[in-house]
Participant: 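Before I ask anything, here is the structure I am working with.
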Protein chains: 2
Amino acid sequence: MQPGKSREVAVLTEESFGSRQRVTMDDVARRAGVSRALVSIVMREAPGASEEKRRRVLEAATELGYRPDVRAQSLAGQRSRVIGVMFGVTVGAFHFELLDGLFAAAESHGHNLIISPLTKSRDEDTAARSLQGFRFDALIMLSPPTSHPLLAGRIPLAVVGWHVDHPRVDVVRTDDEKGIHAAVDHLVTLGHRDIAHIDGGDTVIATARRDAYLAAMERHGLTSWARVVTGGQSQVDGLVGARRLCAADRRPTGLVAYNDDIAVAAIGVFAQHGIAVPEGISVVGYDDSSMAQLSPVPLTTVAQRPDELGRLAVERMVTRVEQRRIVDREIVLSAELRVRASTAQPTRTPA
Amino acid sequence: MQPGKSREVAVLTEESFGSRQRVTMDDVARRAGVSRALVSIVMREAPGASEEKRRRVLEAATELGYRPDVRAQSLAGQRSRVIGVMFGVTVGAFHFELLDGLFAAAESHGHNLIISPLTKSRDEDTAARSLQGFRFDALIMLSPPTSHPLLAGRIPLAVVGWHVDHPRVDVVRTDDEKGIHAAVDHLVTLGHRDIAHIDGGDTVIATARRDAYLAAMERHGLTSWARVVTGGQSQVDGLVGARRLCAADRRPTGLVAYNDDIAVAAIGVFAQHGIAVPEGISVVGYDDSSMAQLSPVPLTTVAQRPDELGRLAVERMVTRVEQRRIVDREIVLSAELRVRASTAQPTRTPA
DNA sequence: CGTTTTAGTTCTACGATACTT
DNA sequence: CAAGTATCGTAGAACTAAAAC
């Protein structure tokens, strides 16, 4: 090699955006007065470097503004250190917090996340193919919930937020059943019997929550009161659903919504029909997203922990890639009911 | 080289997810009976290959399920072919469609997008540092709108959706001024005078739209009727803003909202106050997102073209990276008013 | 016949990891 | 620990061989 020459070229062609660009391990090694290999060891936090040299290397790296080249790392290592992330249109505050958790965890494990969005014009297959260019060694799917992910069994794969029945798919999710049960229990304890549910449509998650609602009602012997109205993911769906509830001859005294967006929209519709919340009707949301706290009537809701979900998903995948044992394929986080102002005792007695 | 050995190792360690994994240029070259370099030439669509060999190479590539390794491409090339994308919490249907456009364009230009989200715990600096590992050669920022992007002038940079006053920042945006003017003009033409605006808060985009609203009102000699209510990005902000409007002694007959989310939320609030749309009040949204068409009252709104915005942003950056000339630093797409059912002639005469 | 064009190959560089000595 | 070297999978420059004019 001719380091001198390579330096020259770099200086001439690079515009750079730190102090200098194109700082390589060589530069750091030379500056710290050690070998390249030792720099590698230090940067990877691998064992085999004395405290003093470690310090000197890190110092040199900082001074030069050195950041390891992830492309080279990825190419040279046995693992690519790349985790693909597919995520779809179901974008809300909740999914965004999930992304945040994923990135934080990935970075702390020295892995890189490559996002591959799923849109109308970009299906699972296209998204997978594009990720393949990075030779990713694991995949995390956020949405939309599919019961049979395309790459299931072909590569370490984790889905976040719903249940998948595949022996080689890892699952990290919130206990939606307990979450919905807690919501129903809360309303029943307050004295409600006529409790309706605006669902989330036909997705796997929506189905799970709907089933949980029906089961909870049955457990309380309220099957005859159970009522499901078709909703969806977003506020507009909530508007439609709530409107249908208002039009019914029997108006419920309690509502469990698929998510916070639906709940907030429903509150608006109720108000427009002269029904106050929680006096006229109690409403429970789901997710404890930013929506819940910003809602005009602070929302009683079921909290998920997006940061935890993200962290666990990444850690699972890292574990899989490193071929270490995983005890349980499915991690289920508990859901926690957060009681705020949108629920109260019923004032009317249902017919 | 010992290709035989390298094959063996690959077969043993790879789980693979197509038919085979770890297919390299070597494999394709061997199969097509040509040199590796020729495969490179064909894959890059570079000149210097006969039609026949080109066909044979592509055939071999298809049969083997070969995809070039973007890490190696990135590392070996003079350019990294990586474009960083920062995007923040302002996530709505609109921004998602933007992402779609960006990916489509990037892929068709043989570039790779690396997403670096901006969240509470992840600022511009952190996001930039993480991208730096990829040696990205251009950056596209979607949000949140900043007037002084951190990396301005240090690397080819494009912002999408708002104006930035920096000689080395490319801008691709919709003509918000004309868009808002069209909205106001539309209402004025219908006979409205008392037209209010629920704004988007303090972001650069929100300020631009607010100013445009005020200017439009002035142009029609309606300055005394102008009224701005503080809103924000999401539906909850719309709820608050609309409520404030209803509480005012003088109720407007027309409303121009910062975006579709605000508009839809406002319609809900109006209904709850017994005000029908468009009979009691006309409402215009912004973005023509999926929200606009799903709204219970189909929304009159100003359409942006997210796919175009995305495509142009990518193409600018590719052009910059290739050091080719760019004529105008700022591209402004026209905004188009889509008239639907949420606007009509005023039925009341304002006091 | 000499010179450019086109097609194809050979070889090194890219920036790290990982192994050997 | 240090030093050296092979390797990862590609780009791309330098080079060769043959055809084209």
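Below, chains carry the letters A, B, ... as their sequence lines are ordered, and counting in each starts from 1.
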Participant: Select one nucleotide: of dG15(C), dA2(D), dA7(C), the one nearest the side-chain heavy atoms of Ser50(B).
Facilitator: dA7(C)
Participant: Assign Ala46(B) to base, sugar-phosphate, or nothing according to its heavy-atom contacts below 4.0 angstrom with the strands shown.
Facilitator: nothing
Participant: Report the C-alpha separation of Arg81(A) and Ser74(A) in whole Å, then their side-chain angles, then the decisive distance to 0.1 Å, and conclude whether the side chain to side chain donor-acceptor pair (under 3.5 Å) test is met.
Facilitator: CA-CA 6 Å; Arg81(A) 303 173 142 273; Ser74(A) 179; over 6 Å; no
Participant: Can you measure Asp137(B) atom CG to dC14(C) atom P for me and round it to whole angstrom units?
Facilitator: 17 Å
Participant: To the nearest Å, give me how far apart CZ (Arg71(B)) and C1' (dA11(D)) are.
Facilitator: 16 Å
Participant: Calculate the interatomic distance between Asn112(B) atom CG and dA11(D) atom P; express it in whole Å.
Facilitator: 12 Å
Participant: In this structure, how many angstroms lie between the P atom of dA3(D) and the CZ atom of Arg30(A), rounded?
Facilitator: 13 Å
Participant: Measure CZ/Arg56(A) against C1'/dA2(D) and give the value in whole Å, please.
Facilitator: 13 Å
Participant: Under 4.0 Å between a side-chain N/O of Lys53(B) and OP1 or OP2 of dG8(C), yes or no?
Facilitator: yes
Participant: Compute the ring centroids of Phe96(A) and Phe87(B), then answer whether they are less than 6.0 Å apart.
Facilitator: yes
Participant: Choosing from dA2(D), dG8(C), dC8(D), which nucleotide comes nearest the side chain of Leu38(B)?
Facilitator: dG8(C)
Participant: Expressed in angstrom and rounded to an integer, what is the separation of Phe134(A) atom CZ from dG9(D) atom C1'?
Facilitator: 15 Å
Participant: May I ask you to decide whether Asp69(A) forms a salt bridge with Arg71(B), counting only side-chain N to carboxylate O separations under 4.0 Å?
Facilitator: no
Participant: Between protein and nucleic acid, restricted to nucleotides 16-18 of chain C and to nitrogen or oxygen atoms under 3.5 Å apart, what atom pairs and distances do you find?
Facilitator:
from, atom 1, to, atom 2, distance (Å)
dA16(C), OP1, Tyr66(A), OH, 3.0
dA16(C), OP1, Asp69(A), N, 3.1
dA16(C), OP2, Met25(A), N, 2.5
dA16(C), O5', Tyr66(A), OH, 3.2
dT17(C), OP1, Gln73(A), NE2, 3.4
dT17(C), OP2, Ser40(A), OG, 2.3
dA18(C), OP2, Arg44(A), NH1, 2.7

Participant: Does the ring center of Phe134(A) lie less than 6.0 Å from the ring center of Phe134(B)?
Facilitator: no
Participant: Are any of the side-chain nitrogens in Glu59(B) or Arg31(B) under 4.0 Å away from the carboxylate oxygens of its partner?
Facilitator: no
Participant: Could you check whether Glu107(B) pairs with Arg122(A) (Lys NZ or Arg NE/NH1/NH2 to Asp/Glu carboxylate O, under 4.0 Å)?
Facilitator: yes
